[in-house]
Amino acid sequence: MGGTMGEDGLDLDEVDRAIVNAFQGGFPVVHRPFEPAAHALSQRGIDVTAGELVDRIRWLDEEGVLTRFGTLINAEEIGGAATLVAMHAPTDRFDEIAEQVNAHTEVAHNYEREHPHLNMWFVVSVADADRVDEVLAEIEAETGQETYNLPKQREFRVEAKFYVDGPLRDEPIDLSHLGTTPRPSDRDTLTPDEYDLVLAIQDGLPITDTPYEDVAEDLGRDVDWVLETTRRFNEEGKIRRVGVIPNHYALGYTENGMTVWNVPDDLVSTVGPEVAGLDFVTHCYERPRHEGVWPYNFFAMTHGRSEAESQERIQQVRAVMSEHWDVNVDDWDTLFSTRILKKTGIRLDERAAANVEP
């Protein structure tokens, strides 16, 4: 574990790089998942045993290369609501306003972004959608600044995967088909047991030979129930994927550019899937405009490992757009994040609790 410094500045050996590239999704949900995962790597020329794979993923997690190993929960499908909000914070009051905004437990992420007016961007996550307006009213009263709610109207992509130079960069492994076939559920709500499972796995799985068995033991449930429910959640969209969740900053993806576009309304359905098809676009949404303040209705998040790479990728997005209409300088912008003001993650406990069936 650990190796020579690569072109991307990471001190990872070829096996570590293969693991990061191969398993950002598609990790098996079976009793001993590292065995088929290691076998799949060996078939592709990466010689590693199941035990070594456990040790390497644990090391990657401890070194901060990963944010965690396990499930990426789709909060929207679990319950509640979330929205993106922009506001102006005057320079002489910026830190004061950031503290006031961050003091709200409903604010999950908050970033300072480069923009002449809307320089503070945060996510509000609530159990009850009606609470969004209440939180924004409270923030406006406390800060004296107007907020601009930008809820997602259409999602074209949420696929935050970050690859490194090395083996399997272009051929990730998908073993999600292994295991039992789950029975579909017609419920939008969660049972109390499912709620407990969501809370148990939202921050990652134990990095052991038998992670699902360990979760089952902690919950006092049968491991087969944990396996079947996890696989069903994956197919129903409650879980976006299972695998290693990289820390993109640790992988060198430090250039975080939120590109925003004033796309003609009749073209959004066309350009959305095409922009979402660019592998470096991690999030892609349609959001509302705010007349006189915010003319953009299309958001595409890009990440690069250098300013030059980031600019090149932004131009690729523009090239896709230009195939459909005459994009001029006033039709788009890029807002780079300059400071992370808060990042606590979505509070799934309250959102899921509000969606538990009585």
Side-chain angles (χ1 to χ4, degrees), residues 1-4 6 8 10-63 65-74 158-182 201 204-216 223-224 226-248 250-251 253 279-280 282:
M1 291 171 282
T4 57
D8 47 23
L10 294 171
D11 186 18
L12 302 177
D13 67 20
E14 291 296 285
V15 178
D16 294 327
R17 291 169 178 271
I19 292 168
V20 171
N21 287 336
F23 290 122
Q24 293 186 40
F27 208 79
V29 182
V30 295
H31 283 267
R32 302 183 72 87
F34 291 93
E35 293 180 0
H39 179 68
L41 285 172
S42 297
Q43 287 183 314
R44 291 160 176 81
I46 308 299
D47 189 19
V48 63
T49 67
E52 290 167 345
L53 182 55
V54 173
D55 290 341
R56 283 179 178 271
I57 290 180
R58 184 183 298 117
W59 180 81
L60 290 167
D61 184 60
E62 291 172 349
E63 291 296 308
V65 177
L66 308 180
T67 60
R68 64 185 182 280
F69 161 75
T71 60
L72 184 62
I73 302 290
N74 183 352
V158 179
E159 189 77 4
K161 294 182 178 180
F162 301 92
Y163 299 106
V164 295
D165 298 328
L168 306 182
R169 193 186 191 286
D170 299 316
E171 46 180 329
I173 298 171
D174 185 1
L175 302 177
S176 59
H177 61 283
L178 299 181
T180 59
T181 301
I201 65 177
L205 293 169
I207 307 176
T208 67
D209 293 334
T210 56
Y212 305 106
E213 188 173 316
D214 295 344
V215 170
V223 64
D224 288 334
V226 169
L227 291 167
E228 181 177 342
T229 306
T230 302
R231 289 206 65 212
R232 175 166 58 80
F233 278 4
N234 202 2
E235 293 197 5
E236 292 175 344
K238 292 182 175 67
I239 291 174
R240 292 192 183 273
R241 62 183 186 268
V242 182
V244 298
I245 313 297
N247 175 353
H248 64 275
L251 297 186
Y253 289 89
D279 62 4
F280 54 81
T282 60

Check whether any side-chain heavy atom of N234 sits under 4.5 Å from a side-chain heavy atom of T230, and report yes or no. no
Looking at R56 and D16, is any side-chain nitrogen of the basic one under 4.0 Å from a carboxylate oxygen of the acidic one? yes
I want to check something: taking the side chain as every heavy atom from C-beta on, are I57 and F34 in contact at a cut-off of under 4.5 Å? yes
List for me each residue that meets salt bridge (charged side-chain N to carboxylate O under 4.0 Å, His left out) alongside R58, sequence neighbours excluded, and say none if there are none. D55
Please report the interatomic distance OH(Y212) to OG1(T229), rounded to the nearest 0.5 Å. 12.5 Å
From CD1 (I173) to CD (Q43), nearest 0.5 Å: 8.5 Å
T67: side chain to side chain contact (heavy atoms under 4.5 Å, CB included) partners, not counting sequence neighbours: I245, N247
With side-chain contact (heavy atoms from CB on, under 4.5 Å) as the test, would you mind laying out the steps for H248 and T282 before giving the verdict? CA-CA 11 Å; H248 64 275; T282 60; over 6 Å; no
Which heavy atom of F27 sits nearest a heavy atom of P33, and at what distance? CE2-CB, 3.7 Å
Pairing residues for D209 by the side chain to side chain contact (heavy atoms under 4.5 Å, CB included) criterion, not counting sequence neighbours: R32, V54
Does some side-chain heavy atom of I73 sit less than 4.5 Å from a side-chain heavy atom of I239? yes
Before you tell me yes or no, could you show the steps for L60 and V244 under side-chain contact (heavy atoms from CB on, under 4.5 Å), namely the whole-Å CA-CA distance, both residues' side-chain angles and the distance that decides it to 0.1 Å? CA-CA 9 Å; L60 290 167; V244 298; 5.9 Å; no
Taking all non-hydrogen atoms of both residues into account, name the closest pair between A37 and L53 and its distance. CB-CD2, 3.6 Å
Check: L41 and F23 side chains under 4.5 Å, non-hydrogen atoms: yes
I'd like to check H31 versus D224 (side-chain heavy atoms, cut-off strictly below 4.5 Å). Are they in contact? yes
Does N21 use its side chain to pair, donor to acceptor, with the backbone of V164 at less than 3.5 Å? yes
Please find the pair of heavy atoms, one from R68 and one from L72, that lie closest to each other, and give the distance. NH2-CD1, 3.1 Å
What pair of heavy atoms forms the shortest contact from P167 to E14, and how long is it? CD-OE1, 3.2 Å
Considering all heavy atoms of both residues, which atom of V48 and which atom of A38 are nearest to each other, and what is their separation? O-CB, 3.6 Å
Look at the side chain of T71 and the backbone N and O of I201, then say whether any donor-acceptor pair between them is shorter than 3.5 Å. yes
Test ring-ring contact (aromatic ring centres under 6.0 Å, His included), reference Y253, set F280, Y163, F162, output is F162
Output all residues satisfying side chain to side chain contact (heavy atoms under 4.5 Å, CB included) with P246, sequence neighbours left out; order by chain, then residue number. Q24, L251
Kindly indicate whether the side chain of H177, heavy atoms from C-beta on, has any atom under 4.5 Å from the side chain of L175. yes
Residue set satisfying salt bridge (charged side-chain N to carboxylate O under 4.0 Å, His left out) with R241, at least two apart, ordered chain then number -> none
Residue set satisfying salt bridge (charged side-chain N to carboxylate O under 4.0 Å, His left out) with E236, at least two apart, ordered chain then number -> R232, K238
